[in-house]
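Source: prediction; values computed, not measured.
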Amino acid sequence: MIQIDALPAFSDNYLWLLQDVTRRECAVVDPGDAAPVEQWLQAHPGWTLTDIIITHHHADHVGGVARLKAETGARVLGPAGEKIPQRDVALEDGDRVTVLGLAFEVIHVPGHTLGHIAYFHADAEHPLLFCGDTLFAAGCGRLFEGTPAQMHASLSRLAALPDRTAVYCAHEYTLSNLRFACAVEPENPQVRARFEEVTRWREQGRISLPSSIALERATNPFLRVSETSVKKMADERNGQQIRTPEEVFATIRRWKDQF
Ligand code: ZN
Ligand code: FE
């Protein structure tokens, strides 16, 4: 039995802590800060941090790695294509890795950064996805290194995962993403309903994650660039007919950057 909890860090990051309750072993995804993990380990004597799982090289995802590695000796897994501190295992697209007894498949998802990877656990009942800053709840990461075409291809791969896949992304951006989603698809009732639901959750201080692939396909404009409604809005923004879903993606990503 693996339990997954969010350890908040900085203003809006989540470090995902995977816990094997029977063995008292845990793993953390993208520890941009060591302190929340250290505090958790102090509050849970007898537990061991076995693995540090990294999606990409940004400081808010790797800032705590060196300290946690020094303190615990945990194995550091990260993308082969990026400079990751203390990395023990360099991962590429299609690689398989086992963490806390869970098998993960590595998916290379360039766009936010060029080497960015996601980790997918293909369970029939409870599939899991750790996708860093690539797919967000109702949004996607900024294009710091990659092209719109690369990010569109990466998101299309994630969108093709099973409906029930739980999506664990690295930031609490959901509400502002949904505000944008409402602007892109004002007539989409599911987007509106999700906006109202997440508004209530955030007023109560509740986390909006994990999401699911099904929910993202229904409400995330960046996964919906082939829909007529999204294309129409992109055409209006552009002042001309857009031909490909890729160009629709590029248009709404640019729009979001200034939204
Ligand atoms: Zn990032
Ligand atoms: Fe980030």
| field | I54 vs D30, side-chain contact (heavy atoms from CB on, under 4.5 Å): CA-CA, chis, key distance, verdict | value | CA-CA 5 Å; I54 301 299; D30 286 350; 4.1 Å; yes
| Exam field: side chain T72 to backbone A74, donor-acceptor pair closer than 3.5 Å | yes
| query | Closest approach of A234 and T251, non-hydrogen atoms and distance? | reply | O-CG2, 3.8 Å
| task | Would you check if the side chain of S154 reaches a backbone N or O of P110 as a donor-acceptor pair within less than 3.5 Å? | result | yes
| Which distance, rounded to the nearest 0.5 Å, do you find between the OG of S212 and the CG of L161? | 11.5 Å
| field | Sequence neighbours excluded, every pair satisfying salt bridge (Lys or Arg N to Asp or Glu O under 4.0 Å) that has a member inside residues 126-148 | value | R142-D257
| Between E187 and S229: side-chain donor-acceptor atoms closer than 3.5 Å | no
| Does any donor atom in the side chain of D93 or H108 lie under 3.5 Å from an acceptor atom in the other side chain? | no
| task | Could you tell me the separation between the SG atom of C140 and the CG atom of L223, rounded to the nearest 0.5 Å? | result | 8.5 Å
| Derivation of the side-chain contact (heavy atoms from CB on, under 4.5 Å) call for T174 and E172 | CA-CA 6 Å; T174 317; E172 180 65 64; 3.4 Å; yes
| Which atom of P31 lies closest to which atom of L68, heavy atoms considered | CB-CD1, 3.6 Å
| query | With the 4.5 Å side-chain cut-off for hydrophobic clustering, are L7 and L128 part of the same group? | reply | no
| said: Under the ring-ring contact (aromatic ring centres under 6.0 Å, His included) definition, can you give me all pairs with a residue in residues 73-97, not counting sequence neighbours? | reply: none
| request: Identify which one of F130, Y168, F104 satisfies the ring-ring contact (aromatic ring centres under 6.0 Å, His included) criterion when paired with H121. | output: F104
| said: Could you see if I252 belongs to whatever hydrophobic cluster contains L135? Use Ile, Leu, Val, Met, Phe, Trp, Tyr and a side-chain cutoff under 4.5 Å. | reply: yes
| message | Is it the case that the side chains of E216 and S211 hold a donor-acceptor pair, with the cut-off being a distance below 3.5 Å and no angle test? | response | yes
| Taking only residues two or more places apart in sequence, or in another chain, which ones meet Y119 in a ring pair (Phe, Tyr, Trp, His ring centres under 6.0 Å)? | none
Report, one line per pair, each donor and acceptor closer than 3.5 Å where one atom sits in a side chain of residues 236-246; sequence neighbours left out.
residue	atom	partner	partner atom	Å
Q241	OE1	K231	NZ	3.4
T244	OG1	E247	N	3.1
T244	OG1	E247	OE2	3.4

| query | Do the side chains of W40 and L18 join up, straight or via other hydrophobic residues, at under 4.5 Å, putting them in one cluster? | reply | no
| Joint cluster assignment, V97 & L100, ILVMFWY side-chain distance < 4.5 Å | yes
| message | Let me check something: do I52 and V106 share a hydrophobic cluster, defined by ILVMFWY side-chain heavy atoms less than 4.5 Å apart, either directly or through other members? | response | no
| query | What closest approach, in Å, do M151 and L143 show between heavy atoms, and which atom pair accounts for it? | reply | CB-CD2, 3.4 Å
Can you list, pair by pair, the side-chain donor-acceptor contacts under 3.5 Å of residues 197-207, counting residues two or more places apart and other chains?
residue	atom	partner	partner atom	Å
T199	OG1	F195	O	2.6
R202	NH1	R206	O	2.7

| message | Taking G115's backbone N and O only, do any of them form a donor-acceptor pair with E82's side chain (distance below 3.5 Å, no angle check)? | response | yes
| task | Go through the structure and list residues passing side chain to side chain donor-acceptor pair (under 3.5 Å) with Q3, not counting sequence neighbours. | result | D5
| task | For residues 16-29, pull every pair meeting salt bridge (Lys or Arg N to Asp or Glu O under 4.0 Å), keeping only residues two or more places apart or in separate chains. | result | R23-E25
| field | Donor-acceptor under 3.5 Å (R253 side chain, H152 main chain) | value | no
| What residues form a ring pair (Phe, Tyr, Trp, His ring centres under 6.0 Å) with H58, not counting sequence neighbours? | H56, H112, F144
| task | List the atom of Q150, the atom of L114, and the distance in Å for their closest heavy-atom pair. | result | OE1-CD2, 3.6 Å
| task | Give every residue pair that meets the salt bridge (Lys or Arg N to Asp or Glu O under 4.0 Å) criterion with at least one member in residues 54-80, sequence neighbours excluded. | result | E38-R67, D51-R75, R67-E71, K69-D88
| Going by side-chain heavy atoms closer than 4.5 Å, which hydrophobic residues are tied to Y173, directly or by a chain of links? | F136
| note | Between the OH atom in Y14 and the CD1 atom in I4, the distance rounded to the nearest 0.5 Å is 14.5 Å
| query | OG1 of T228 to CD of E185: how many Å apart, nearest 0.5 Å? | reply | 10.0 Å
| Identified side-chain contact (heavy atoms from CB on, under 4.5 Å) counterpart of P36 within the set V28, L15, L17 | L15
| remark: Heavy-atom nearest pair, C26 first then L41, reads SG-CD2, 4.0 Å
| query | Side-chain contact, heavy-atom cut-off 4.5 Å: E227 with P221? | reply | no
| field | Side chain to side chain, H116 and P79, heavy atoms closer than 4.5 Å | value | no
| task | Apply side-chain contact (heavy atoms from CB on, under 4.5 Å) to the pair V76 and V89, showing each step before the final yes or no. | result | CA-CA 6 Å; V76 179; V89 184; over 6 Å; no
| field | Side-chain heavy atoms of I53 within contact of V99, under 4.5 Å | value | yes
| note | Grouping ILVMFWY residues whenever side-chain heavy atoms fall under 4.5 Å, the cluster of L215 otherwise contains none
| request: Could you tell me the separation between the CG atom of D33 and the NE2 atom of H61, rounded to the nearest 0.5 Å? | output: 12.5 Å
| query | Does the side chain of E105 reach to within under 4.5 Å of the side chain of R96, using non-hydrogen atoms? | reply | yes
| request: Measure from the side-chain N and O atoms of W16 to the backbone N and O of C169, and report whether any donor-acceptor pair falls under 3.5 Å. | output: yes
| query | How long is the gap from OG1 on T165 to CG on D123, to the nearest 0.5 Å? | reply | 10.0 Å
| request: Go through R224 and F249 one step at a time and tell me if the side-chain contact (heavy atoms from CB on, under 4.5 Å) criterion holds. | output: CA-CA 9 Å; R224 296 174 55 75; F249 176 83; over 6 Å; no
| said: What I'd like to find out is whether the side chain of T134 reaches to under 4.5 Å of the side chain of L155, using heavy atoms alone. | reply: yes
| query | Do I107 and R157 touch side chain to side chain, with heavy atoms closer than 4.5 Å? | reply | yes
| request: Report yes if some heavy atom in the side chain of L209 is under 4.5 Å from a heavy atom in the side chain of V167; otherwise report no. | output: no
| note | Residues I213 and P162: closest non-hydrogen pair is CB-O, 3.5 Å
| Exceeds 12 heavy-atom contacts within 6.0 angstrom, atom NE2 of H44 | yes
| message | For F10, give me all partners under ring pair (Phe, Tyr, Trp, His ring centres under 6.0 Å), at least two apart in sequence or on another chain. | response | none
